[in-house]
Every structure is written in structure tokens, then in C-alpha cells.
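What follows is a set of notes on a single structure, which appears directly below.
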Amino acid sequence: MRVAMIGTGYVGLVSGACFADFGHEVTCIDKDAAKIEALKAGRMPIYEPGLEDLVETNVSQGRLSFTTDAASGIRDADIVFIAVGTPTRRGDGHADLTYVYAAAEEIAGLIRDYTIIVTKSTVPVGTGDEVEAIIKKTNPDADFDVASNPEFLREGAAIGDFKRPDRIIVGAHTERAVAALRELYRPLYLNETPMVVTDRRTAELIKYAANAFLAVKIGFINEISDLCDAVGANVQQVAHGIGLDKRIGSKFLHAGPGYGGSCFPKDTLALSKTAHQANSPVTIVDTVVEANRRRKETMVDRIVNAAGGSVAGKQIAVLGLTFKPNTDDMREAPSLIIVPALQQMGASIRAFDPEGMEEAQKLLTAVTYCDNAWACMEGAVMAVILTEWDQFRALDLERMAATLKDRVLVDLRNIYSPQEADDSGLSYHSIGRPSPGKAAD
Ligand code: UDX
């Protein structure tokens, strides 16, 4: 099938490359000429494991191309995806749909034969109706359907998520559109990936409900971890104990410094706005949004307490800056709250992140950026693990104790065992787990 993908951001680029890898002919379109030139030269605008190779293979085999010329990609496409950004609108928290509607107008003027326009961007309920209305108004003779096909790609694992999804959601109102989307996803259909076909509004809401539910799960375990700290229990064992109940499930029960990234913070806010507008508030989600905001701030108190009550005049080594490992994405990362707060209190920050430092340098100033974890800890009194990159999981803790002047390690991702850290001579502080000697690890 011929596919046009409007928007070469994270979702558009990964989806476009994966559809090409399924054997479809894909044109990725973006207005940003520098981005398209870079992609043509094989340079990726984001760090995502496996993406560069996937793009290179499919470009060289003639199934994937990049252009700024929307007309050339859209005119002959069977399916046009809208995968442009839907940032949080300044001031009110609503999703900003300017780019989606602009894309709809552009598509309307270009389509010739029957075309399916599919929103892949995360859009509030009812956006598909508006896209349909725009196309009808701009081109009353157009033969088209509008469908919703939300993505569930995790950064850092996006290609695997695309090729081995738990399910595919298709919101469409005609058999013709459903049949075409089944054909598009045929390689997965043959693998027996469930395809859930719904009306468009339901599909749009499924995306928000899924992300909000996961955010609630994280918010819940984070609060339970505070309770564990207060009563001397172990949050990892609580998570294991409840997660074995199949109704709960073990995923997304890792306590940490609060969720970040491009999706959960934005989508929970947008869902909340939609719900308030519909006079049907999602109070659980509202509570989690606020708890997650506070969570990042309370991490600062933990670090200050671990430092003995003050960080003034102290050098602190921060390991990991991105919102999660295997990405260079800094959006809504806990580091953006924690690092400036520590600086404000008089600490000087040394930092290392395997992929995120270029992005971080634009957002976090007056930080000494280091070449690796050991260089980062040199001269520091304490270290704080903010992101659970694999390369931080097996650091020599005895060497760490010998390097850090006050021997303090604050592990906000619970990647080490309290006993092991204690045995290495570190004063170890993690989330929701008793220190050795206080209770069983
Ligand atoms: C998420 C969804 O998983 C994906 O389906 C959706 O389409 C986009 O948003 P992503 O933001 O890439 O993906 O990352 P994810 O792995 O879901 O993590 C989000 C945040 O939650 C991170 O800040 C992570 O550190 C945090 N998290 C995740 C936890 O604190 N605990 C957990 O148990 C899981």
C-alpha cells in the first residue's frame, strides 16, 4: 500500500519506518527542511535504538523516502497518517490542535481517489469529527474516510512496541476503512495481534484512558513507597506481591521520582480538560497529576536529608538526566525540577547522561557535564541516580564509596540492593525500602 506520513517527529518517523519495513511504500513528510535533509543523509533527529538501521535499510530498498513536498507524497497515497505534534496549549492545558487541523486542510486539497486519513497523533475525543468536517468543507467532492489509530510506543523501545504490540486500536466508521487498515497491519494480524475496532471517539478515548491508567498506576506505587518509608516496609516486595495478582499485573509498579516524558504529563492534563469540559471530571487522574508534580519536588528534600540537612557549598554528582533510559528526551524529566532546586540551595552539580547531555545543556545551565559516571563522581560528596541507564546498574560500589567524599548514594530508581550498598561502605538512600539493619531487605 502507499502510505503518506505527515510529521517526522518521534511517532511519525518510527511508524513510517516500521510500515516501510512491513513492505509498504512510505513517504514521510515534514515542513522542517533541515530535518528532511538530515533524514535523507541518514541522520536521525532523535536517539531511538535500532531506528537508524531500520531507516537506512528501507531507504536503500526504495520503500521509504523523505520530502518537504506534501503534494508528492499525498496525491497517490492510499492512507495518509497525521502524526504531527499536539503540544499542551499554553495557559489552559488543552491539547493544541493547530497542526492537526492545518494538516487536514492540506490533505483535503491534495487527495484524488478514495483516501483514508488516519490520526495517529494523540488527539482529544471528537478531533476526528473535526478533521472530517474540515476536509468536507475544503473539498466537498473528496472521496475519503477519517479513522483513528492511536500509537502506544514507548520511547527507547518503540520499534519493538510497533512490531509486537499488545493490540491495535482502529476507530473507523466504514467497512472500507477497516479493511484497508487491516491490510496495512497484515503482518501483525497474521501474528494474531488483536485488532480492536471501535467508533472513532472510542478509539480516541482509549489512548488517553490507557496513558492515564498507567500514570495512575505509577502515582499509586509512588505513594505506597512513601508509606513503606514511613512504616518500614519494602515497596519492591509490595509491588511484587500485588503484581502477581493478574487483575493488577506487575508492570508499571516501579516507584521512582515521578513520571515524565512526552506523553503521560501531557495526556493526563488533556484528558482532565476534556473531562471537565464534558462535566464528567476524572478526579483520580487530577489527583495523580498533582501528586506527580509534588513528587518531583519532594525528591529534592530526600537528597537534602541524605546530605545531612544542607547541600550548600557541596558538589553533587547526578547520574542520568533524561526522563527514562534509552532516549535523549528531556521533556518533563525529574532532573529539570531537581537540578535547579539543588543549585538554588547552593549545591554545584556535576552530571553525566549517556545520550541526553546535548539536550540537557539547552535546559540545565551552570552544570559541569562529564564524560562518564566516574568522572562525574570525582570530587563530589554524594551521587544521585536519577535515570536507570543500564550502565549505572553495575557500578563498583566500593570504588564509589572510595570516590565520593561523604560516601552518600541516593538511588531514586532503586537499582541497587540496600544491603549490597551498605556492605560497600556507602550511606545508601533509596525509595520505599528500609535501610539494612532497620528491617529485612
Ligand atoms: C508512554 C507509554 O508507555 C506509551 O504507550 C505511550 O504511547 C507514550 O507514553 P514513554 O513516555 O515513552 O511511553 O515511557 P514509559 O516507559 O511509559 O515511561 C513513562 C514515565 O513513567 C517515565 O518517566 C518512567 O520513568 C516512569 N515510570 C514508568 C515509572 O516511574 N515507573 C514505572 O513503573 C514505569
Side-chain angles (χ1 to χ4, degrees), residues 4-16 28-32 35 70 73-74 77 79-111 115-139 142 144-153 169-173 177 198-212 215 261-282 285 289 331-332:
M5 184 68 67
I6 305 184
T8 56
Y10 186 77
V11 170
L13 186 54
V14 170
S15 305
C28 288
I29 301 159
D30 205 294
K31 290 201 182 326
D32 183 339
K35 205 176 192 185
I74 293 171
I79 303 185
V80 180
F81 277 95
I82 300 179
V84 296
T86 54
T88 301
R89 202 161 63 190
R90 228 171 258 229
D92 66 5
H94 278 287
D96 182 347
L97 296 172
T98 316
Y99 303 116
V100 173
Y101 294 152
E105 243 174 69
E106 185 161 39
I107 294 165
L110 292 169
I111 48 176
T115 310
I116 304 165
I117 294 97
V118 187
T119 47
K120 221 178 211 333
S121 306
T122 300
V123 290
V125 180
T127 304
D129 301 354
E130 187 60 29
V131 167
E132 187 174 285
I134 290 172
I135 297 174
K136 260 195 195 131
K137 192 169 156 222
T138 317
N139 182 353
F144 71 101
D145 275 310
V146 173
S148 161
N149 173 222
E151 53 80 22
F152 300 95
L153 309 176
I169 305 291
V170 167
H173 292 173
T198 68
D199 61 80
R200 228 165 30 208
R201 286 182 168 238
T202 303
E204 288 166 345
L205 187 56
I206 286 173
K207 168 65 196 237
Y208 280 107
N211 273 356
S262 61
C263 286
F264 289 171
K266 172 169 79 70
D267 295 350
T268 44
L269 270 187
L271 177 65
S272 170
K273 287 286 163 191
T274 302
H276 280 285
Q277 236 168 22
N279 270 329
S280 180
V282 281
V285 178
V289 167
R331 281 176 283 181
E332 306 281 338

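Just so you know, residue 1 is the first one in the sequence shown, and it goes up from there.
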Are any of the side-chain heavy atoms of [X] and [Y] separated by less than 4.5 Å?
X      : Y      : value
Lys207 : Asp267 : yes
Asn211 : Lys266 : no
Tyr208 : Pro124 : yes
Arg200 : Thr119 : no

Flag, side chain of [X] to backbone of [Y], donor-acceptor distance under 3.5 Å:
X      : Y      : answer
Glu151 : Ser15  : no
Asp96  : Pro87  : no
Thr198 : Ala203 : yes
Thr8   : Cys28  : no
Thr268 : Phe264 : yes
Asn149 : Ile169 : yes

Nearest 0.5 Å, please: how far is [atom2] in [Y] from [atom1] in [X]?
X      : Y      : atom1 : atom2 : result
Ile79  : Asp145 : CD1   : CG    : 11.0 Å
Ile29  : Phe81  : CD1   : CZ    : 12.5 Å
Ile117 : Ile134 : CD1   : CD1   : 11.5 Å
Met5   : Leu13  : CE    : CG    : 9.5 Å
Phe144 : Ile111 : CZ    : CD1   : 6.5 Å

Exercise. Where do Ile6 and Ile74 land on the side chain to side chain contact (heavy atoms under 4.5 Å, CB included) test, with the steps shown first?
Worked result: CA-CA 9 Å; Ile6 305 184; Ile74 293 171; 3.7 Å; yes
For this session: Can you sort out the partners of Gln277 under side-chain hydrogen bond (donor to acceptor under 3.5 Å, both in side chains), two or more places apart, ordered by chain and number?
Result: His94
Exercise. Who passes side-chain hydrogen bond (donor to acceptor under 3.5 Å, both in side chains) against Glu106, sequence neighbours left out?
Worked result: Lys31
Exercise. In terms of side-chain geometry, is the basic nitrogen of Lys273 or Asp92 positioned less than 4.0 Å from the acidic oxygen of its partner?
Worked result: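 No, Lys273 and Asp92 are not salt-bridged.
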Exercise. In terms of heavy-atom contacts, does OH of Tyr99 have more than 12 from other residues, nucleotides or ligands at under 6.0 Å?
Worked result: no
Heavy-atom pair with the smallest gap, counting every atom of [X] and [Y]:
X      : Y      : value
Ser121 : Thr86  : CB-CG2, 3.9 Å
Ala172 : Ala177 : CB-CB, 4.1 Å
Phe152 : Ile206 : CZ-CG2, 4.2 Å
Ile135 : Ala142 : CG2-CB, 4.5 Å
Ala147 : Ile116 : CB-CG2, 4.3 Å
Leu271 : Ala212 : CD2-CB, 3.6 Å

For this session: Given side chain to side chain contact (heavy atoms under 4.5 Å, CB included), test Ile107 with Val131 step by step and report yes or no.
Result: CA-CA 10 Å; Ile107 294 165; Val131 167; over 6 Å; no
